[in-house]
Amino acid sequence: MSAASDEALVERIARGDQTALQALYARHSVRIFRFVVRLLRDEGRAEDIVSEVFIDVWKSAARFEARSAVGTWLLTIARNKA
């Protein structure tokens with residue numbers, strides 16, 4: 001069985017699927033962390049922002065309109081928080 005697409009995971013998160021959130025986190029957290037560390041040069045704050053990004057995803061997944069890739073959406077949230 002192939003892995004679910006990012007878009008499918010976001011749809012499942014919007015329905016309250018915590019397993020989908022964990023899968024999305026596993027797939028994207030390191031990339032987001034590295035991105036934020038490059039912006040802030042503060043690993044502790046970057047860790048906090050990664051957590052905040054996925055809290056926002058949990059709260060706002062139903063509003064994701066797929067105008068961009070999920071990864072881009074996540075990085076945009078991270079950049080705005082940084």
Side-chain angles (χ1 to χ4, degrees):
M1 183 174 159
S2 64
S5 71
D6 287 346
E7 292 78 10
L9 290 174
V10 171
E11 288 175 14
R12 287 172 44 200
I13 293 165
R15 295 191 304 266
D17 185 337
Q18 293 179 2
T19 304
L21 183 65
Q22 291 169 347
L24 195 69
Y25 180 89
R27 192 176 289 174
H28 290 280
S29 61
V30 171
R31 178 176 177 217
I32 294 168
F33 175 78
R34 290 177 180 161
F35 174 74
V36 175
V37 165
R38 282 194 307 269
L39 291 175
L40 300 181
R41 306 211 187 292
D42 180 338
E43 289 187 3
R45 184 67 186 123
E47 289 173 1
D48 291 343
I49 288 174
V50 170
S51 296
E52 292 171 15
V53 165
F54 285 95
I55 290 169
D56 280 7
V57 168
W58 179 254
K59 292 177 179 177
S60 64
R63 293 190 305 270
F64 177 67
E65 297 178 356
R67 292 183 193 170
S68 63
V70 172
T72 303
W73 178 55
L74 297 172
L75 291 174
T76 299
I77 295 169
R79 185 189 70 231
N80 290 339
K81 291 188 169 298

Would you say that W73 contacts V57 through its side chain, given a criterion of any heavy-atom pair below 4.5 Å between the two side chains?
yes

Can you name the nearest heavy-atom pair linking [X] to [Y], along with the distance?
X   : Y   : value
A61 : A14 : CB-N, 3.7 Å
S5  : R27 : C-NH1, 3.7 Å
G71 : H28 : CA-CE1, 3.9 Å

Test V53 against every option in I77, N80, V36 by the side-chain contact (heavy atoms from CB on, under 4.5 Å) rule and name the one that passes.
I77

Working to the nearest 0.5 angstrom, can you tell me the gap between [X] [atom1] and [Y] [atom2]?
X   : Y   : atom1 : atom2 : answer
S51 : Y25 : OG    : OH    : 5.5 Å
D56 : I49 : CG    : CD1   : 11.0 Å
I13 : K59 : CD1   : NZ    : 14.5 Å
L75 : R79 : CG    : CZ    : 9.0 Å
K81 : I32 : NZ    : CD1   : 11.5 Å
L24 : D17 : CG    : CG    : 11.0 Å

Hydrophobic cluster identity match, F54 and L40, side-chain contacts under 4.5 Å:
yes

Evaluate the criterion side-chain contact (heavy atoms from CB on, under 4.5 Å) for residue pair E11 and F64; output intermediate values, then yes/no.
CA-CA 9 Å; E11 288 175 14; F64 177 67; over 6 Å; no

Using a 6.0 Å cut-off, check whether atom CD of E43 has over 12 heavy atoms from anything other than its own residue.
no

